[in-house]
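Presented below is the structure to which this report refers.
Letters A, B, ... are given to chains in the order of the sequence lines, protein chains preceding strands, and every chain is numbered from 1.
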Amino acid sequence: MDYAFWTISGITVLGALLAVTLRNLVHCVLSLILFFLGIAAHYFLLRADFIGAVQILIYIGAVAVLILFAIMLTRNVTGEAGPQEVVGVKWWIGSLCAALTAGLISFAVRADSVAETLSPGPKATVAVADIGKGFVGNWIVPFEAMAVLLTAALIGAVVIALEEVRNRR
Amino acid sequence: MIQQISPIPTGMIETQTIEVSIGPQHPSTHGVFRMDAVLDGETVVGLKPVMGYLHRNHEQLAERMTWLASIPYTDRLDYFNSMTNNWALCLSVEKLAGIKVPERAEYIRVIVSELTRILNHSCVIGFMLQDLGAWGTPLLYAFREREKILDLFESLSGARMMCNYMRFGGVRVDMTDAMVAQAKDIVAKFPRFLDEFEQLLSNNEVLLARCQKVGILPKELAINASISGPMARASGVDYDIRKVDKYGVYGRFDFRVPLGEVGDVYDRYYIRVLEMRESIKILNQALRDLPAGAFVAPEVKLRNFKIPPGDGYGRVEAPKGELGFYLVSDEGGKMPYRYHCRPPSFINLTTLEDMCLGHKVADVVIILGSVDIVLGEVDR
Amino acid sequence: METIYQLIAGWFAGKPEWLPLAIAIAVPILFIVGVYPAIFAYTTLVERKALGRVQNRYGPNRVGRWGILQPLADGLKLLTKEDIVPRDADKFTHFLAPVIAVIPSVLLFAIVPIAPGLVPVNLNIGILFAFAISTASVLALFMGGWASRNKFSLLGAMRAVAQVVSYEVPMVLAAVAVVMAAGSLSTLDIVKAQTRGGLEIAGWFVFQPWGFVGFVLFAIGAMAESARTPFDIPEAESEIIAGYHTEYSGFKFALFQLGEYLAAIAMAGITVTMFLGGYLGPGIHIPYIGGFIAAFWFFLKLGCMILLNIWIRGTWPRVRVDQLMGFAWKVLLPMSILNIAVVGLWHFMGNKVLAWGVTAAILGLAFVILAKISAAGNIEKRTYRYAN
Amino acid sequence: MTIPLGHYLILAGIIFAIGLAGALTRKNAIIVLIAIELMFNAAILNLIAFWHYKQFAALTGQMFAIFAISIAAAESAIGLALVIAIYRHYKSVDVDDIKSLKG
């Protein structure tokens, strides 16, 4: 278990680092996919199978592909990045902010002594049926709100697409 | 500095076009033919046919050799239909030299040409379906029929494709009774094949969806671009040289010229099917009426063959369209002074861009397939 | 996995504890990497033979009797071929793409049950896992097409992505209907839900109206997802040469083929599991040999699905990109959404005979209307005139 | 399982920081979106980790993770639509170029 955690964490952090530092946009997205996979593996490790599958289905199957499409639509088709980005004042400030955030979070976690003395997690996984019952039970309001949100997003996409079709005529 | 706002009136996503070279090595360009296509996504916004990869100097070669020696070279023009190529050259030379062709030879010429036509049309449909992605199944069905016709040609002329069969004033070898029987057998069985073909293809949803309203060639454009053959007739141009010129003995046969309305790929497909049915009619009549007699004009001396000075143009209705030869003979008369070929594939290809613009990449290949080109004829 | 573990745990009483577990893990893995690639190899042979029969020819018959060694010869040839990488290609991505193409396809077999209780991994999220994994395969196509720096490859990659993403939606919705009826995502439970009244055939979902519609939707989606004719536009050879694998040769090409065929076989397996009753069939409860009979039924059905694929491939032309998309969004998607509603109706109607009639009528009517709407204005019947 | 909860929290913190750095330093709008995705995922990882260690029976963590993932997907779709709209307007996806508030 320990080895699995460290390996997957390494892959995840590597993917995340590459995703924001690489020059070629498509390479960025491929690293992002590596990162998503790492996160999904963490979910499986944490016994959240359903969330892991959803993570792969939505993040890799939909979000990453969507980003690839956006790259294809906005950049030249080979996906080369534009002019080189310089390491300037902004870069240093941004990195400093990020480092401070990471330090702060780590400090907070270390300072919280409870973190070290948690009980080990459960052995069995959660049945999908329980999640389904949860949707129409305790969490019916957020579930419906989410449905409304997704419908709104869908209608918005259709409206944008229609706009283009009308303009083409 | 504030970024300049570029005026894009349409509000469309500004996509980058890419230029793709389809061919000369591409599975569906029917030989070494190239199309420089400019694509916007999948849509074709520009297309330029590029030819000449198979240029073999046919016309210049013919001007350096005797009249007779050019006949084998015409086989290589449209290597699918060597019979009609032979006939076009022979017809031009006979017109120029004033040679009368005997009855039997005329009938034999009609028989082999119409066999060539059904061979060509069935294979063209097969190739077009191959371009549509039908994995060669229709093509192999067409090839099965083609083999029978090629067997007949082989027993007739000794060669399957490069027949080199016709001579000035007739044909090289007579058609024996056994061969006539063989031809009758082929013709009798062909309608069944056509029915099968049509049953499989003509009402196939995918084929209809892919072919209808794709690659429309308007009638005016077809006339102005001097398109000929099934392609012109699919656009509704009533122009069949067998009817217009009544060369050979075509005046004696009863057949009709099918015409399309829309001029799209489906019309070009279906006109070919209908033409095959009409060819079967002609073949039945020709095989029934085949007269006895000489198969080559006895007065023509092919050795040391000379033509008095003059010029002339002879044309036939080849399966792909009007195939004509313009010949000039000067004082020597042993070889042509000028030899010009009017290849139907080449001229039909000139409207490719007009037909393809605005369609998808997938349509370009079937439009090209429906034009029916043979690169030997396009590049010469 | 669990079944094997329980079976063999008793045999290793005095041995270390990890040994039966290791064997229980190794056996399914060996089965998947051994049996299914062999099926793949012979699928290619059967496909070539069957296509040959469809097309009036023999197909491979030179290597071994009936061409039986042809797959080996093909493999050897591809292994020894030069591996060409285009100069401008993105080398690493180009290398990675075929590898990634195979992984999801192999993982798909993890949830396909072949006999009662005999499934490599009995996940409680089985079907969802299959969909999650199969979406990942699109990445391989995209990477291969993009990394080749070839415009045809890029076109193929774009087509592949658009197609797989579109057909994913009706496929998932068709599967949702089955999940609703079975009340579980686990593939074993789905198969078990298809027995009715002790009969192993009557309960197959394909024999119910919604199940039949779902089967057709899912089979079409699976065919599109694995890029088989008539939906093989990502690699349409007459249009864009070979699509995303234009620039691949040698064993990398073979890996792409392997991944594609394995995905097709796995999808056929999932179709069988979800609609055709999986391993169900007469005689699976006979002691001792029942398991083998069940496996036989499963592989028989799998073979039938594969043959159906081959048959369609040999006889249908390819559709165009926009038609493909229109078909997915305008016909399959409404049908699959309606199908979900119909399953709900089916579930709550007590009289199953009446329910059968009502659902069949609703679905049939919907299909007729959809077909009319989608075909209107596109296809016309033509008459031809003759010149005078 | 000998990994304490703190490890997961620190991992999420590191990922969040990487995302933050990316969002702050890179100029390309698409990479900024990618960075935002990283931060989202860090947060969801926290949800799942807490669910696993503290609230296993209650399912709350999983439910909220699902909601968060759905909303993140909608967010990324809208974000990318915006990127395309911006590109359409400015012919650029460089966030530094987009300064004008007028259309």
Q: Measure distances from D/I44 to the heavy atoms of chain A and classify the residue's part below 4.5 Å as side chain, backbone, both or neither.
A: both
Q. Just by distance, do the side chain of D/N41 and the backbone of D/E37 share a donor-acceptor pair under 3.5 Å?
A. yes
Q.
If I measure from the heavy atoms of chain D, does A/A16 come under 4.5 Å with its side chain, its backbone, both, or neither?
A. both
Q.
Taking side chain as everything from C-beta outward and backbone as N, CA, C, O, which of these in A/L149 sits under 4.5 Å from a heavy atom of chain D? Side chain, backbone, both or neither.
A. side chain
**Q.** Which atoms of D/I48 approach chain A - backbone, side chain, both or neither, heavy atom under 4.5 Å
**A.** both
Q: Could you tell me whether the side chain of A/I131 reaches within less than 4.5 Å of the side chain of D/I66, counting heavy atoms only?
A: yes
Q: Name the region of A/L150, side chain, backbone, both or neither, that has any atom closer than 4.5 Å to a heavy atom of chain D.
A: side chain
(Q) Let's go through D/W51 and D/F64 carefully: what are the C-alpha distance in whole Å and the side-chain angles of both, what is the deciding distance for side-chain contact (heavy atoms from CB on, under 4.5 Å) to 0.1 Å, and is it a yes or a no? (A) CA-CA 10 Å; D/W51 164 78; D/F64 268 83; over 6 Å; no
Q. Under a 4.5 Å heavy-atom cutoff, which of A/L17, A/V54, A/T12 has the most pairs with chain D?
A. A/L17
(Q) Over 60° means perpendicular and under 30° means parallel, so tell me whether A/F36 and A/Y59 are parallel, tilted or perpendicular. (A) tilted
Q. Is chain A contacted by the side chain of D/F67, its backbone, both, or neither, given a heavy-atom distance below 4.5 Å?
A. both
Q) So, for D/L20 and A/A98, which heavy atoms are closest and what is the spacing to 0.1 Å? A) CD2-CA, 4.1 Å
Q.
I'd like to check A/I51 versus D/L47 (side-chain heavy atoms, cut-off strictly below 4.5 Å). Are they in contact?
A. no
Q.
Can you tell me which portion of D/L11 sits under 4.5 Å from chain A's heavy atoms? Options are side chain, backbone, both or neither.
A. side chain
